[in-house]
Undergrad: 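Pasting in a structure now, in structure tokens, and then I'll have a few things to ask.
Residue numbers start at 1 and run along the sequence shown.
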Amino acid sequence: LPESRLYQSNDKSPLQIFVRAKKKINDIYGEIEEYVHETTTFINALHAEAEIVDKAERELFESYVYKVAAIREVLQRDHMKVAFFGRTSNGKSSVINAMLREKILPSGIGHTTNCFCQVEGSNGGEAYLMTEGSEEKLNVVNIKQLANALCQEKLCESSLVRIFWPRERCSLLRDDVVFVDSPGVDVSANLDDWIDNHCLNADVFVLVLNAESTMTRAEKQFFHTVSQKLSKPNIFILNNRWDASANEPECQESVKSQHTERCIDFLTKELKVSNEKEAAERVFFVSARETLQARIEEAKGNPPHMGAIAEGFQIRYFEFQDFERKFEECISQSAVKTKFQQHSSRGKSVSGDMKSMLDNIYERITIFRNLKQDQKNLLTERIQGTETQMMQVTREMKMKIHNMVEEVEEKVSKALNE
Ligand code: GDP
């Protein structure tokens with residue numbers, strides 16, 4: 001791939017809000033980890049020297065080491081997650097491929113996705129897939145093999161296949177966006193399980209509709225359940241296959257306004273997840289297949305319109321790009337809030353707890369030091385007293401000896417004289 005294509009979404013991308021926030025919070029946690037380690041070493045030494053810190057306290061400090069390490073691990077894995085829903089064949093896989101700028105997920109007749117497929121970035125240029133419950137990395141040699149793997153009967157519809165695709169192949173993967181494709185909402189009765197297993201941590205939901213028909217009850221029901229379980233989910237609606245409308249230009253505008261009105265009503269009046277203004281910014285008319293073709297042409301160095309399917313390509317292409325921009329803004333802001341707000345308040349509480357424990361220990365050390373000083377003073381006084389006593393005794397002894405010597409001398413000289 002040409003270099004320019006690899007990093008075309010530059011640092012002006014709204015996704016950078018998340019990327020930078022992630023780097024910053026990781027750096028801060030790196031510092032907290034150092035601080036926790038240092039403090040624990042200090043506390044352990046303090047315990048060994050003088051028993052100012054008890055066992056329970058030492059254990060509490062050590063528990064912070066593990067807590068911070070666990071948060072750091074979660075932080076490194078945090079990503080932005082977008083999940084796609086809609087009826088079979090509305091074009092969910094095609095939308096994901098168009099956004100990834102490459103045909104990664106199999107799409108089309110005979111390639112119905114039987115299970116959940118997650119596409120995420122891999123490091124080191126490797127492409128592989130992993131099925132649920134297995135650590136084995138299955139090499140992805142080509143799209144056909146991937147398609148066959150995904151069509152296997154034995155895959156349960158609510159199980160997850162993770163597709164790892166080289167980060168450097170797509171800026172969205174590089175910036176930590178994870179895509180989840182779902183089986184059609186028309187084929188499952190286990191919507192509750194789906195939501196519990198795959199949706200609760202999604203930052204954005206994309207409902208892919210077929211612009212050639214109206215929204216079905218199954219599609220609506222799914223999002224009703226989602227919005228019962230999550231407070232105000234971020235939902236985008238793509239009216240896909242809009243290229244088909246080019247065949248009927250006379251009713252294009254009326255169909256568009258009818259769909260728009262229904263979609264806005266659904267988001268505002270039925271789900272009550274956004275107001276009219278926000279909802280109007282969440283509904284788009286696109287052609288995923290055409291966008292993907294255009295991008296494949298662009299990658300070859302050709303002009304994008306070589307991928308056009310029908311009249312009016314440019315408008316649909318712009319609309320897809322507009323969707324991507326709004327999607328990027330929404331997902332990065334939402335992910336920063338949901339993922340990092342929690343970590344930052346936990347970080348604050350860990351450092352707050354440690355500070356108050358250290359203050360407490362410091363107070364105890366001060367009292368201990370004063371006590372030692374008092375003891376020292378007392379001892380010094382005693383020593384001084386003893387010294388004076390000793391001096392006096394010594395002086396008395398000296399006198400006694402002196403007197404005795406004089407007495408003996410006197411006695412001796414007297415005896416000699418006699
Ligand atoms: P999914 O089952 O929702 O994942 O749908 P797919 O992405 O597999 O698409 C089903 C079929 O519709 C494929 O043959 C696609 O090429 C085709 N398709 C998808 N998007 C469009 C589109 O915007 N316009 C047209 N004309 N065909 C599309």
Side-chain angles (χ1 to χ4, degrees), residues 1-27 72-84 93-107 117-131 135-147 149-150 160-181 203-204 206 288 291-304 307 317 320-321 323-325 327-329 331-332 335-336 339:
L1 288 170
E3 189 74 10
S4 59
R5 163 124 151 60
L6 293 180
Y7 294 107
Q8 57 196 312
S9 151
N10 49 40
D11 290 348
K12 286 197 194 93
S13 156
L15 295 176
Q16 290 296 317
I17 298 171
F18 178 86
V19 175
R20 279 197 290 267
K22 181 169 169 176
K23 183 173 179 323
K24 199 159 188 178
I25 195 162
N26 267 298
D27 289 349
R72 285 203 79 188
E73 211 192 301
V74 173
L75 265 176
Q76 262 149 20
R77 275 188 284 120
D78 265 343
H79 52 238
M80 295 172 268
K81 182 167 162 183
V82 50
F84 294 78
S93 312
S94 303
V95 171
I96 297 177
N97 286 338
M99 292 176 83
L100 293 170
R101 299 169 172 265
E102 228 174 313
K103 198 165 181 207
I104 298 174
L105 291 175
S107 67
C117 279
Q118 179 163 308
V119 185
E120 56 195 287
S122 75
N123 296 322
E126 258 187 305
Y128 56 92
L129 66 88
M130 281 166 98
T131 52
E135 289 291 302
E136 197 189 349
K137 289 183 181 177
L138 303 165
N139 253 323
V140 176
V141 183
N142 57 38
I143 191 86
K144 209 165 157 200
Q145 181 223 359
L146 178 63
L150 296 178
L160 180 76
V161 170
R162 294 168 74 186
I163 299 164
F164 292 85
W165 201 252
R167 275 175 192 279
E168 55 282 3
R169 298 272 285 267
C170 170
S171 59
L172 290 159
L173 296 180
R174 185 199 65 188
D175 287 347
D176 272 343
V177 177
V178 167
F179 295 78
V180 177
D181 192 7
D203 301 292
V204 166
V206 178
T291 304
L292 175 62
Q293 283 181 195
R295 286 179 168 172
I296 291 172
E297 289 302 329
E298 271 184 304
K300 288 190 218 153
N302 296 327
Y317 193 45
F320 199 92
Q321 289 169 327
F323 152 67
E324 288 177 309
R325 187 91 193 163
F327 155 78
E328 289 182 8
E329 275 166 15
I331 199 167
S332 61
V336 166
K339 314 251 145 86

Undergrad: Tabulate below the donor-acceptor pairs under 3.5 Å that side-chain atoms of residues 117-124 make, not counting sequence neighbours, or state none.
TA:
{"residue": "Gln118", "atom": "NE2", "partner": "Glu120", "partner atom": "OE2", "Å": "3.0"}
{"residue": "Glu120", "atom": "OE1", "partner": "Arg162", "partner atom": "NH2", "Å": "3.1"}
{"residue": "Glu120", "atom": "OE2", "partner": "Arg162", "partner atom": "NE", "Å": "2.8"}
{"residue": "Glu120", "atom": "OE2", "partner": "Arg162", "partner atom": "NH2", "Å": "3.3"}
{"residue": "Ser122", "atom": "OG", "partner": "Glu126", "partner atom": "O", "Å": "2.4"}
{"residue": "Asn123", "atom": "OD1", "partner": "Arg167", "partner atom": "NE", "Å": "2.8"}

Undergrad: Please lay out, stage by stage, how Val177 and Val82 fare under the test side-chain contact (heavy atoms from CB on, under 4.5 Å).
TA: CA-CA 7 Å; Val177 177; Val82 50; 3.9 Å; yes
Undergrad: Using 0.5 Å steps for rounding, measure from the CE atom of Met99 to the CZ atom of Phe327.
TA: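 Reported to 0.5 Å precision, the distance equals 4.0 Å.
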Undergrad: Which pair of non-hydrogen atoms, one from Gly125 and one from Pro166, has the smallest distance, and what is that distance?
TA: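 Between these two residues, the closest heavy atoms are O-CG, 3.5 Å.
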Undergrad: Distance check, rounded to the nearest 0.5 Å: Met80 atom CE versus Lys339 atom NZ?
TA: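 Going from the CE atom of Met80 to the NZ atom of Lys339 covers 9.0 Å.
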Undergrad: For Ala98, what residues pass the side-chain contact (heavy atoms from CB on, under 4.5 Å) criterion, not counting sequence neighbours?
TA: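 side-chain contact (heavy atoms from CB on, under 4.5 Å) list for Ala98, sorted by chain: Thr291, Leu292, Phe320.
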Undergrad: Within this structure, what is the SG-CZ distance for the pair Cys170 and Arg101, rounded to the nearest 0.5 Å?
TA: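 Atom-to-atom, Cys170:SG and Arg101:CZ are 7.5 Å apart.
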Undergrad: Is a side-chain N or O of Lys22 found less than 3.5 angstrom from the main chain of Asp78, in a donor-acceptor match?
TA: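 Yes; judged by distance alone, with no hydrogens or angles, the pair exists.
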Undergrad: Run the side-chain contact (heavy atoms from CB on, under 4.5 Å) check on Phe179 and Leu172 step by step: do they pass?
TA: CA-CA 9 Å; Phe179 295 78; Leu172 290 159; 3.8 Å; yes
Undergrad: Mind checking side chain to side chain donor-acceptor pair (under 3.5 Å) for Lys23 and listing every partner two or more places apart, or none if nothing turns up?
TA: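 Applying side chain to side chain donor-acceptor pair (under 3.5 Å) to Lys23 gives Asp27.
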Undergrad: How many angstroms lie between CD1 in Ile163 and CG in Leu100, if you round to the nearest 0.5 Å?
TA: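 The distance works out to 9.5 Å.
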Undergrad: Excluding sequence neighbours, so at least two apart, what forms side chain to side chain donor-acceptor pair (under 3.5 Å) with Asn97?
TA: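 Asn97 satisfies side chain to side chain donor-acceptor pair (under 3.5 Å) with no residue once adjacent residues are dropped.
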Undergrad: List in chain and number order the residues that pass side-chain contact (heavy atoms from CB on, under 4.5 Å) with Gln321, two or more places apart in sequence or in another chain; answer none if no residue qualifies.
TA: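 For Gln321, the residues satisfying side-chain contact (heavy atoms from CB on, under 4.5 Å) (neighbours in sequence not counted) are Arg295, Tyr317, Phe318, Glu324.
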Undergrad: How close do Glu328 and Pro14 get, counting heavy atoms only, and between which atoms?
TA: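 Of all heavy-atom pairs spanning Glu328 and Pro14, the closest is OE1-CD, 3.2 Å.
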Undergrad: For the residue pair Phe164 and Lys137, establish whether any side-chain heavy-atom pair is separated by less than 4.5 Å.
TA: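 Answer no - side chains too far apart.
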Undergrad: Can you tell me how far apart CD (Gln76) and CG (Asp176) are? Round to the nearest 0.5 Å.
TA: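 Rounded to the nearest 0.5 Å, the CD-CG separation comes to 11.0 Å.
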Undergrad: Do side-chain atoms of Ser93 reach the backbone of Leu105 as a donor and acceptor pair under 3.5 angstrom?
TA: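 It does not hold such a pair.
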Undergrad: By ring-ring contact (aromatic ring centres under 6.0 Å, His included), which residues pair with Phe18, not counting sequence neighbours?
TA: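 By the ring-ring contact (aromatic ring centres under 6.0 Å, His included) rule, Phe18 matches Phe340.
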Undergrad: Among residues at least two apart in sequence or on other chains, which ones pass side chain to side chain donor-acceptor pair (under 3.5 Å) with Asn302?
TA: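 Expected list: Glu297.
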Undergrad: With sequence neighbours left out, what residues match Glu136 under salt bridge (Lys or Arg N to Asp or Glu O under 4.0 Å)?
TA: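 Salt bridge (Lys or Arg N to Asp or Glu O under 4.0 Å) check on Glu136 returns nothing, list empty.
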Undergrad: Tell me the closest heavy-atom pair linking Asp203 and Ala335, and the distance in Å.
TA: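 The pair with the smallest heavy-atom distance is OD1-CA, 3.5 Å.
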Undergrad: State the CD-CE distance between Glu135 and Met130, to the nearest 0.5 angstrom.
TA: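 It comes to 4.5 Å.
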